[in-house]
Each structure stands twice: as structure tokens, then as C-alpha cells.
Trainee: 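I have a structure I would like to understand better, so I am pasting it below and will then ask my questions one at a time.
Just so you know, ligand 1 is whichever comes first in the structure, and atom 1 is the first atom listed for that ligand. Numbering of residues begins at 1 and proceeds along the displayed sequence.
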Amino acid sequence: MKLPPFEYACPTTIAEAVALLASHGGEAKVLAGGQSLVPMLAFRIASPSLLIDLRKLSKLREIKISQDGVKLGAMVRWREILDDARLRTAHPLLITAVKHVAHYQIRNRGTVGGSIAHADPAAEMPGIVVTCEAKIAAIGEAGARIIDAANFFRGPLVTALNPEEIITEIHLPPWPANRRFGFQEFARRRGDFAMAGAALFYDEDGRKAKNAHVGVIGVADRPVRLATVQQALNGSTVDEATIAKAEAAASASVDPVDDIHASGAYRKALIGVMVERALLAAAA
Ligand SMILES: Cc1cc2nc3c(=O)[nH]c(=O)nc-3n(C[C@H](O)[C@H](O)[C@H](O)COP(=O)(O)OP(=O)(O)OC[C@H]3O[C@@H](n4cnc5c(N)ncnc54)[C@H](O)[C@@H]3O)c2cc1C
């Protein structure tokens, strides 16, 4: 399908990109990997007058790892995350989740910033940033600001970002060496968006879990944390009985709607199984 007509710009500085975006009063869009935006143009779901390609902004391509955690530039691609050996210890949950994103070709182009901005409720990266309490750095003509991931997603394809802001960086808090984690999702075919998925971690206090973080994707209009599952885990040994309690709490906490892929009831049951499997992986 042919794309609608648009102007094209390829700025070399963030300031230039911000100025271009501001000068078009909401009619311009930034282009990252194009893996979601280009299909949307083809289907006429979006028809911006100007596309601002971020590919020359090398500062947005950096992966920084320090005692403060992991900072991913918005233009970091899925493939670059999987190829960075440091991340296997600096953020194993991130690596495990990204392995489920799409197919090889898409992972070579798609970016973390594009995924967060696109805000598909079934996408892995939004689930990871919400579960891990990440901070999202954005910049616009009014200046730079930091948005908590918990407040970033407002609904399917809707975020707290102003149309004239660009995401620059995603900051994931530090990952202790002995943290236990699991990521599980179910999709009809490998690489498809998840019908339901769970990302979780907890730290250990003796044999008991503490600081449990449990997030789910594909079962609400945005990625969400499940407080009742976290409560079931905190202060408990993660054994068969606790996992059964967590599974039941997960299913009870969501109310997914029916769609062309599955009924809400199916997804409700599925999320319990995803949490169960993620906990089994974490405890193993
Ligand atoms: C067949 C197929 C299967 C897929 N499967 C999955 C999957 O299983 N899981 C998954 O998570 N994704 C999947 N995707 C989506 C893929 O991961 C995309 O790469 C991603 O969602 C968007 O990233 P992008 O860099 O391509 O962004 P683009 O397509 O370039 O942009 C997407 C949107 O984000 C905006 N944007 C991009 N970067 C920024 C920024 N820095 N600041 C502000 N706004 C920005 C754009 O203006 C646009 O509105 C799939 C895509 C395809 C085509």
C-alpha cells in the first residue's frame, strides 16, 4: 500500500528535532524504527504532514550501565539490547522480555522509545517499564521532564507525552545480583503480540520474598501492576501454596474484554497461568 504524502526531515541534533516538532503544531511525527508508524501510515491511521527521522541522533542510541541502573537511549533497538552482554547481569528481566518481541527483522529496526510512545497494551517494553518503576525522560519546547512509568500509559496507544515531546531516555532502577525474576507470555505464533503476559521479580529475605513487583500485559487497556499478587508474595516463601494463591489473585485482579483474538474469560484464566509459570521460573 502506498503511504500518504508527507515532508521528511532528518535532524542532526535533539534541539533541531524539538524545534521542527514544535513548528508543526501537532501535525508532525517523529520516526524511530518505523515498525509501527509505517504500517499506520499505510493504513491511513496516521497522516502527519512531516516525519522527523531520529536516526542521526547518536546520543539517543547509548546504553549506559552504572550503579544507578540501566539507561537506554530512546533509539536503542531490540537487537542492540540482545547483543549487549552487560545487560545479561545488569538487567536479565529486560533481556528475557525482549527475546519475545516480534521477529528478527523487526528487532533490527524497532526501538525502545518507539515502543513506549506507541503504547500497545500487549507490548513487552511498556510492561517492563511499569513493572520495574522506570522513569521516562522526555524533551519538548517547554523543556525536559521525567515521567514515572506508572503515570505514562493512559490507554491503548495513548500516553502522557505531549504531541510536541520526544522521549530521550528510559531509566531502569538498579538490579541486585540475587534478585529472582520471571517473564512469561502466550502468543498464538512466536513473535506475535502477547495475548497475555507477566513480568515479575522479588528479592529474598531468608527464604521469604520481599519487594515483589508483578506487572501484566495484554489484559487491560495498558500495562498494570497487580497489587494483590504482590501482597500474596511479600513475606511468604515462594512454594506451591503461595504460587497457587498468586495465580488465583492474578486472575481475580483483571477484567479483560473480549476481542477478535480471545474472550475476556480466556485471558483472565491465561494471566493466572502466566503468573504461575513466571513464579516457577523465578523460584527455580
Ligand atoms: C509484524 C510485527 C510484529 C510485532 N510484534 C511485536 C511484539 O511482539 N512486541 C512488541 O512490543 N512490538 C511488536 N511490534 C512493534 C515493534 O516492536 C515496533 O518496533 C515498536 O512498537 C515501535 O518502535 P519503532 O522504533 O519501530 O517506532 P516507530 O514505528 O518509528 O514509531 C511508533 C510511534 O512512536 C512515536 N515515536 C517513536 N520514537 C519516539 C520518541 N523517541 N519520542 C516520541 N515519540 C516517538 C512515533 O511518532 C510513532 O507514533 C511488531 C511490529 C510488527 C510490524
Trainee: Using the side-chain contact (heavy atoms from CB on, under 4.5 Å) rule, take V112 and W78 through it: C-alpha gap first, then chi angles, then the decisive distance, then the call.
Mentor: CA-CA 7 Å; V112 289; W78 307 125; 3.6 Å; yes
Trainee: Could a heavy atom of P39 be found less than 4.0 Å from some atom of ligand 1?
Mentor: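 Under 4.0 Å: no for P39.
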Trainee: For ligand 1, which is the ligand I care about here, please tell me if A74 has any N or O atom under 3.5 Å from one of the ligand's N or O atoms.
Mentor: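 A74 vs ligand 1: no N/O contact under 3.5 Å.
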Trainee: Which atom names give the shortest non-hydrogen contact between A160 and I147, and what distance separates them?
Mentor: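 The answer is CB-CG2, 4.4 Å.
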Trainee: Which of the numbered atoms in ligand 1 are under 4.0 angstrom from any heavy atom belonging to G33?
Mentor: 24 (P), 25 (O), 26 (O), 27 (O), 30 (O)
Trainee: Which ligand 1 atoms does K29 reach within 4.0 Å, using its non-hydrogen atoms?
Mentor: 49 (O)
Trainee: Can you name the nearest heavy-atom pair linking A28 to H24, along with the distance?
Mentor: CB-CB, 3.6 Å
Trainee: Please list the nearest protein heavy atom to atom 41 (N) of ligand 1 with its residue and the distance rounded to 0.1 Å.
Mentor: I167 O, 3.1 Å
Trainee: Using a 3.5 Å cut-off on N or O atoms only, is R109 in polar contact with ligand 1?
Mentor: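 N/O-N/O distance under 3.5 Å: no.
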Trainee: Quick one: does ligand 1 sit under 4.0 Å from the side chain of L54, the backbone, both or neither, non-hydrogen atoms only?
Mentor: side chain
Trainee: Say whether A32, considering both its backbone and side-chain N or O atoms, lies within less than 3.5 Å of an N or O atom on ligand 1.
Mentor: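 N/O-N/O distance below 3.5 Å exists for this pair.
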Trainee: Heavy-atom contacts with L37 under 4.0 Å: which atoms of ligand 1 show up? List them by number with element.
Mentor: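 Listed by number with element, the hits are 28 (P), 29 (O), 31 (O).
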Trainee: Counting non-hydrogen protein atoms only, what is the nearest one to atom 3 (C) of ligand 1? Give residue, atom name and distance.
Mentor: I106 CD1, 3.7 Å
Trainee: Would you call K208-D205 a salt bridge at under 4.0 Å N-O?
Mentor: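 So K208 does not pair with D205 through a salt bridge.
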Trainee: Within this structure, what is the CG-CG distance for the pair D84 and L87, rounded to the nearest 0.5 Å?
Mentor: 4.0 Å
Trainee: May I ask you to list the atoms of ligand 1 that are less than 4.0 angstrom from any heavy atom of D192?
Mentor: 8 (O)
Trainee: Give the residue, atom name and distance (to 0.1 Å) of the protein heavy atom nearest atom 19 (O) of ligand 1.
Mentor: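 For atom 19 (O) of ligand 1, the nearest protein heavy atom is G110 CA, 3.1 Å.
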Trainee: Minimum heavy-atom separation for I170 and A134, please, with both atom names.
Mentor: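 Shortest heavy-atom contact: CG2-CB, 4.4 Å.
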Trainee: Applying ring pair (Phe, Tyr, Trp, His ring centres under 6.0 Å), run through Y202 and H213 and close with a yes or a no.
Mentor: CA-CA 6 Å; Y202 59 85; H213 282 57; over 10 Å; no
Trainee: Checking the N or O distance criterion of under 3.5 Å, is ligand 1 in contact with A117?
Mentor: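 Between A117 and ligand 1, no N or O pair is found under 3.5 Å apart.
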Trainee: For E165 and ligand 1, does the shortest N/O to N/O distance drop below 3.5 Å?
Mentor: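 Between E165 and ligand 1 (N or O atoms, distance only) the closest approach is not under 3.5 Å.
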Trainee: Work out which heavy atom in M274 is nearest to a heavy atom in A196; give both atom names and the distance.
Mentor: CG-O, 3.9 Å
Trainee: How about Y8 and D53: does a side-chain donor come under 3.5 Å of a side-chain acceptor?
Mentor: yes
Trainee: Kindly confirm or rule out an N or O of E124 lying under 3.5 angstrom from an N or O of ligand 1.
Mentor: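 Right, the criterion is met.
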Trainee: Around R277, counting heavy atoms of other residues, nucleotides and ligands shown, do more than 12 lie under 6.0 Å from its CZ?
Mentor: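 Result for CZ/R277: open.
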Trainee: Of the protein's non-hydrogen atoms, which lies at the shortest distance from atom 37 (C) of ligand 1, and what is that distance?
Mentor: G114 CA, 3.4 Å
Trainee: Using heavy-atom distances, let me know which of S36, G113, S115 sits nearest atom 15 (C) of ligand 1.
Mentor: S36
Trainee: Note the single closest protein heavy atom to atom 14 (N) of ligand 1, along with its residue, its atom name and the distance in Å.
Mentor: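 Residue, atom and distance for the closest contact: F193 CZ, 3.4 Å.
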Trainee: For atom 25 (O) of ligand 1, grab the closest protein heavy atom and report residue, atom and distance to one decimal in Å.
Mentor: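 Answer for atom 25 (O) of ligand 1: T111 OG1, 2.6 Å.
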Trainee: Below 4.0 Å from any atom of ligand 1, is there a heavy atom belonging to M125?
Mentor: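 The answer is no: ligand 1 sits nowhere under 4.0 Å from a heavy atom of M125.
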Trainee: Would you call L37 and L51 a side-chain contact if the rule is heavy atoms closer than 4.5 Å?
Mentor: yes
Trainee: Using a strict 4.0 Å threshold on nitrogen-to-oxygen distance, state whether R225 and E133 make a salt bridge.
Mentor: yes
Trainee: Atom 7 (C) of ligand 1: which protein heavy atom is closest, and how many Å away?
Mentor: A102 N, 3.4 Å
Trainee: Below 3.5 angstrom, do we get any N/O pair linking A123 and ligand 1?
Mentor: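 No; the residue has no nitrogen or oxygen that sits under 3.5 Å from a nitrogen or oxygen of the ligand.
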Trainee: Checking a contact table here: which protein heavy atom is nearest atom 26 (O) of ligand 1, and how many Å away?
Mentor: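 The closest one turns out to be Q35 N, 2.8 Å.
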Trainee: Give, for atom CD of Q230 and atom OG of S253, the distance between the pair rounded to the nearest 0.5 Å.
Mentor: 9.5 Å
Trainee: What part of L161 sits under 4.0 Å from ligand 1 if we count only heavy atoms: the side chain, the backbone, both or neither?
Mentor: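 Looking at L161 and ligand 1, just side chain atoms fall under 4.0 Å.
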Trainee: Any ion pair linking R180 and D203 (charged N to carboxylate O, less than 4.0 Å)?
Mentor: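 Judged by the 4.0 Å cut-off on N to carboxylate O distance, D203 and R180 do not form a salt bridge.
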Trainee: Tell me the closest heavy-atom pair linking A138 and L161, and the distance in Å.
Mentor: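 Where A138 meets L161 most closely, the heavy atoms are CB-CD1, 3.8 Å.
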Trainee: Of all the atoms in ligand 1, which lie at a distance below 4.0 Å from a heavy atom belonging to W78?
Mentor: 17 (O), 19 (O)
